[in-house]
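First the proteins, then the strands, lettered A, B, ... as listed; each starts at 1.
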There are 2 protein chains.
Amino acid sequence: MTPLTRTKWPAVTSNASPEISAAARAPRLDELLCFAIYQTNHALNRIYKPLLQDHALTYPQYLVLVTLWERDDRSVGDLGAALGLESNTLTPLLKRLEGSGYLTRTRNPADERQVRVRLTEAGRRIEDKARGIADCVADAGGLGRAELDDLLVQMKTLRDRLDAGTATSP
Amino acid sequence: MTPLTRTKWPAVTSNASPEISAAARAPRLDELLCFAIYQTNHALNRIYKPLLQDHALTYPQYLVLVTLWERDDRSVGDLGAALGLESNTLTPLLKRLEGSGYLTRTRNPADERQVRVRLTEAGRRIEDKARGIADCVADAGGLGRAELDDLLVQMKTLRDRLDAGTATSP
DNA sequence: AATATTTATATCGTACACGATTTAATCGTG
DNA sequence: CACGATTAAATCGTGTACGATATAAATATT
């Protein structure tokens, strides 16, 4: 809690903590699948960053654009359903994309509760430039198409099962 | 950029955007491995949250404790190397864990630049309580040990290759 | 038709994550 | 010994995530 300013203190007794205690230990970091996924996700972020910052995009912003390239003119809730995000995350993110000129946000006149998110010309145009990015990332992974597809299926299966565990009761 | 206040506007012409344009399209969300990983990571976070909040821990805080259970009395940089994080992320996180009473942060008298992070009694004690958490999460994934191990190896391979691509030149 | 309920976004507070910079301690070399 | 270079944390600013709450529009109910 303290800022830990660097002043000379009386030496602290070394207090040797038990390095190894017993047989049944808590899991180690390198055995945890969740940690491997956590780190791989970060690694992907790092790979994407330089590729995307040429277009002044972040990784989640790129995912929003991918969603809109697939189908344009969607509500915030619809985007959220596709991305697994809610308005608390999407609203500021969409405002930034609007500020960057990639999309527009307009209330739906037929239902003023909804916001229609639409790509601008600039938003559609970078689809071409961004097309190679995913391949670029795939290359960085150094996996063949078969391995990639295999991993994709496995990850989606795991994701769906985990989601099933949180949505309602198993 | 505007707060989009809900006032009745003149109807916007529907402007039908091209639903499908051509053959060579940008990748779709459900074809992107990075997105599957991104979502699986979020799903894991959601699974861990209720299990961890009994101990007033977040998921990254739990990972720090796992690291310390493996080996106690480490510097911030050492923890960062294990977790793939730097002091800008770790320092505030460690301060919160200190505030929660799970660890102490003291300058290393032998080298005042370093901060020694050590578990408290409370920090060691929850190792026992937390032991089942990872199993609990594995259960939620619904995969057998063989599949888990397989996925773990694949993810670590992918992570390492991605890291190799960013650390220096390929 | 007036009111209660539901729905769609937005806002707020907290906690990562990370690039860039700062500060303090140590090390290396003259 | 001094002084520049290096190293280890900390700080700062921006951008996600997400629980909780607020707000306004639409729908359902009485």
Checklist outcome for this item: Whole-Å distance, B:Asn88 CG to D:dT14 P, equals 15 Å
Item to check | Pairwise side-chain contact, B:Arg96 with B:Gln61, heavy-atom cut-off 4.5 Å (strictly under) | outcome: yes
Checklist entry - So which nucleotide from D:dA10, D:dG15, D:dA17 ends up closest to the side chain of A:Arg96? => result D:dG15
Checklist entry - If you check the B:Ser75 side chain, which of C:dC16, D:dA9, C:dC18 turns out closest? => result D:dA9
Next on the checklist: At less than 4.0 Å, is any side-chain N or O atom of A:Arg107 found next to OP1 or OP2 of D:dA24? Yes or no.
Outcome noted: no
Next on the checklist: Without decimals, in angstroms, what is the distance between B:Asn108 CG and D:dA8 P?
Outcome noted: 12 Å
Next on the checklist: Tell me the interatomic distance from A:Leu83, atom CG, to D:dT16, atom C1', rounded to whole angstroms.
Outcome noted: 13 Å
Checklist entry - Is the shortest side-chain N/O distance from A:Thr58 to OP1 or OP2 of D:dT16 below 4.0 Å? => result yes
Checklist entry - Ignoring hydrogens and angles, are the base of C:dT9 and the side chain of A:Arg113 linked by a donor-acceptor pair under 3.5 Å? => result no
Next on the checklist: Parallel, tilted or perpendicular: which one describes the rings of A:Tyr38 and A:His42, with boundaries at 30° and 60°?
Outcome noted: tilted
Next on the checklist: For a quick test of reading the model: is some side-chain N or O of A:Tyr38 closer than 4.0 Å to OP1 or OP2 of C:dA17?
Outcome noted: yes
Checklist entry - Could you state the OH-P distance from A:Tyr48 to C:dC18, rounded to the nearest angstrom? => result 16 Å
Checklist entry - At under 4.0 Å between heavy atoms, what does A:Gln61 touch on the DNA or RNA strands: base, sugar-phosphate, or nothing? => result sugar-phosphate
Next on the checklist: Tell me the interatomic distance from A:Leu52, atom CG, to C:dG19, atom C1', rounded to whole angstroms.
Outcome noted: 16 Å
Checklist entry - Does some side-chain heavy atom of A:Thr157 sit less than 4.5 Å from a side-chain heavy atom of A:Arg161? => result yes
Checklist entry - Quick one: on DNA chain D, does A:Ala110 or A:Pro60 contact a more 5' nucleotide (nearest heavy atom)? => result A:Pro60
Next on the checklist: Is there, by distance only and without an angle test, a donor paired with an acceptor across the side chain of B:Ser87 and the base of D:dA10 below 3.5 Å?
Outcome noted: yes
Next on the checklist: I want to check something: taking the side chain as every heavy atom from C-beta on, are A:Val76 and A:Leu94 in contact at a cut-off of under 4.5 Å?
Outcome noted: yes
Item to check | A:Leu63 CG - D:dT16 P separation (whole Å) | outcome: 10 Å
Checklist entry - Base, sugar-phosphate, or nothing: which does B:Leu90 touch, judged by heavy atoms less than 4.0 Å apart? => result nothing
Checklist entry - Which side chain to side chain donor-acceptor pair (under 3.5 Å) pairs, counting each pair once, include a residue from residues 77-92 of chain A, with sequence neighbours left out? => result A:Arg71-A:Asp78, A:Arg74-A:Asp78
Checklist outcome for this item: Taking a pair to mean Watson-Crick or G-U wobble geometry with both distances below 3.5 Å, D:dT30 pairs with C:dA1
Checklist entry - What does A:Asp111 touch in the nucleic acid at a heavy-atom separation under 4.0 angstrom: a base, only the sugar-phosphate, or nothing? => result sugar-phosphate
Checklist entry - Picking from C:dA10, D:dA8, C:dC16, which would you name as closest to the side chain of B:Leu93? => result C:dC16
Checklist entry - The side chain of B:Thr91 lies closest to which of these nucleotides: D:dA10, C:dA10, C:dC16? => result D:dA10
Next on the checklist: Looking at A:Thr67, is its backbone amide N or carbonyl O close enough to the side chain of A:Glu70 to form a donor-acceptor pair, meaning the two atoms are under 3.5 Å apart?
Outcome noted: no
Item to check | Integer-rounded Å distance: D:dA17 C1' and B:Ile47 CD1 | outcome: 17 Å
Next on the checklist: Taking only side-chain N and O atoms of B:Arg46, does any of them lie within less than 4.0 angstrom of OP1 or OP2 on D:dA17?
Outcome noted: no
Item to check | Closest-nucleotide ordering on DNA chain C, the 5'-leading residue of A:Asp78 and B:Glu86 | outcome: A:Asp78
Checklist outcome for this item: To the nearest angstrom, the OH-C1' distance between B:Tyr62 and C:dA15 comes to 19 Å
Checklist entry - Can a side chain N or O of A:Lys95 be found less than 4.0 Å away from OP1 or OP2 on C:dT9? => result no
Checklist entry - Taking only N and O in the side chain of A:Thr89, is any of them less than 4.0 Å away from OP1 or OP2 of D:dA17? => result no
